[in-house]
Enquirer: 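Here it is, the structure in full.
Bear in mind that the values here come from a model prediction, so they are computed numbers and not experimental data. Hydrogens, waters and symmetry mates play no part in the numbers below; they use all other heavy atoms, side chains included.
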Amino acid sequence: TIKTNAIEKKTTNSPIVINSGLDGSLGLKVYYDMMVYNTLNLTDNAWNVMGRVYASSAGTLYLKGSNASNALIINSSNQVGVAMNPSYRLDVEANNNRMRLLGTTGYVAIELQNDANGFYVAREGATAGNFATGNTAYAGILAVQGNYNLQLATNGVVRTTIDGSGRVGINTETPDVDLQVTTVGTSSQDGIVKIGGSVASLGLVLEYDQANATFSYITANPTYTSDTSIMKIRVDGDTNPDQLVLKGDGKIGIGNNTPLARLTIGSSQGSSLDFSYDSGNGYRNNISNYWNSSVDTGMDFNIGRTANVA
């Protein structure tokens, strides 16, 4: 029976043959299956099932492959599921799930947008700076368009923020310097940064405590004690390598890498200590220990505007 804009086959399981070859070995057969509810089977010319399309009474459309598993499901809420019943606009299920978006030599990106600006998960192509200013070739990129924050969250709470100007905040959403670190739950009052340390007792710790009066700490090895441990504070590593030396045995060196007393000042080249009281006119008290000759040392104590300063 032929109707306008339709082909109708009324015989049960009687196929429609599409594009059959002259010898009957090629082509596609389409038939309605009375044995499976509202099912359209797609077969090859030898009746091997290549796929199925069927609809449920609830208005869900199912597309299956030759292995009879649901490959694509579209429900009445226009939700799409790949190998699963969808609960969102798109659900994809698989063991060791992996989705791929392929590019060539240019960048490839996924854009999420709910206003005029987008959020992107991207990979740059062979040409650096093609997707974003400053990125390198083939770099992986997370990017937000416009002057908005890029944030990372765990357990439903934002932990790291990069604001629109490039400042980074850890446990603060409003960093006011290039990098600001605060302690969780302290309303940005406290902050701790640890550098290195294979275990909790080791490492360099910078700590700020604003609970009452402000306290600031620089600690090497929080709970590990060694007499030979050394911390150095210096403005450079060549001319002033031992500007301030703190040893694990409690000794302090100024210009001395191996302090022998609670405070050791200077080295074999001599040392001096000034007590200034009128720096503009050069008035000071000075204590100096300096090398006088190859066989003699002198101890010089000066009070006044002039001094023997090593």
Enquirer: Only pairs under 3.5 Å count here: list side-chain donor-acceptor contacts from residues 234-248, not counting sequence neighbours, and write none if there are none.
Expert:
{"residue": "R234", "atom": "NH1", "partner": "P241", "partner atom": "O", "Å": "3.1"}
{"residue": "D236", "atom": "OD1", "partner": "D238", "partner atom": "N", "Å": "3.3"}
{"residue": "D236", "atom": "OD1", "partner": "T239", "partner atom": "N", "Å": "2.9"}
{"residue": "D236", "atom": "OD1", "partner": "N240", "partner atom": "N", "Å": "2.7"}
{"residue": "D236", "atom": "OD2", "partner": "N240", "partner atom": "ND2", "Å": "3.0"}
{"residue": "D242", "atom": "OD1", "partner": "K232", "partner atom": "NZ", "Å": "2.7"}
{"residue": "Q243", "atom": "OE1", "partner": "V235", "partner atom": "N", "Å": "3.0"}

Enquirer: Is there a side-chain contact between I73 and P86, using heavy atoms and a 4.5 Å cut-off?
Expert: yes
Enquirer: To the nearest 0.5 angstrom, please state how far the CZ atom of R167 sits from the CG atom of L179.
Expert: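 Answer for the CZ-CG pair, R167 versus L179, is 12.0 Å.
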Enquirer: Can you confirm whether E124 sits close enough to N130 that some side-chain heavy atom of one is under 4.5 Å from a side-chain heavy atom of the other?
Expert: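 Yes, close enough: below the 4.5 Å cut-off.
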Enquirer: Minimum heavy-atom separation for D91 to M84, with atom names?
Expert: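 Result for this residue pair: CB-SD, 3.3 Å.
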Enquirer: Give the minimum heavy-atom separation between S216 and Y208, together with the two atoms involved.
Expert: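 In terms of heavy atoms, the two residues are closest at OG-CD1, 3.4 Å.
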Enquirer: Atom CD in Q180, atom CD1 in I170: separation rounded to 0.5 Å?
Expert: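 So the gap between those two atoms works out to 10.5 Å.
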Enquirer: Looking at every non-hydrogen atom in both residues, tell me the closest pair between A126 and A137 and how far apart they are.
Expert: O-CB, 3.5 Å
Enquirer: Does CD1 belonging to I218 count more than 12 external heavy atoms closer than 6.0 Å?
Expert: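 Atom CD1 in I218 is not packed in, count stays at 12 or less.
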Enquirer: When you compare the side chain of N114 with that of L112, does any pair of heavy atoms fall below 4.5 Å?
Expert: no
Enquirer: Would you find more than 12 non-hydrogen atoms of other residues, nucleotides or ligands less than 6.0 Å from N97 atom CG?
Expert: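 Yes, CG of N97 has more than 12 neighbouring heavy atoms, counting only those of other groups under 6.0 Å.
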Enquirer: What orientation do Y54 and Y62 show, parallel under 30°, tilted 30 to 60°, or perpendicular over 60°?
Expert: parallel
Enquirer: Is there side-chain contact between V205 and I192, with at least one heavy-atom pair below 4.5 Å?
Expert: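 Side chain of V205 against side chain of I192, heavy atoms only: contact under 4.5 Å found.
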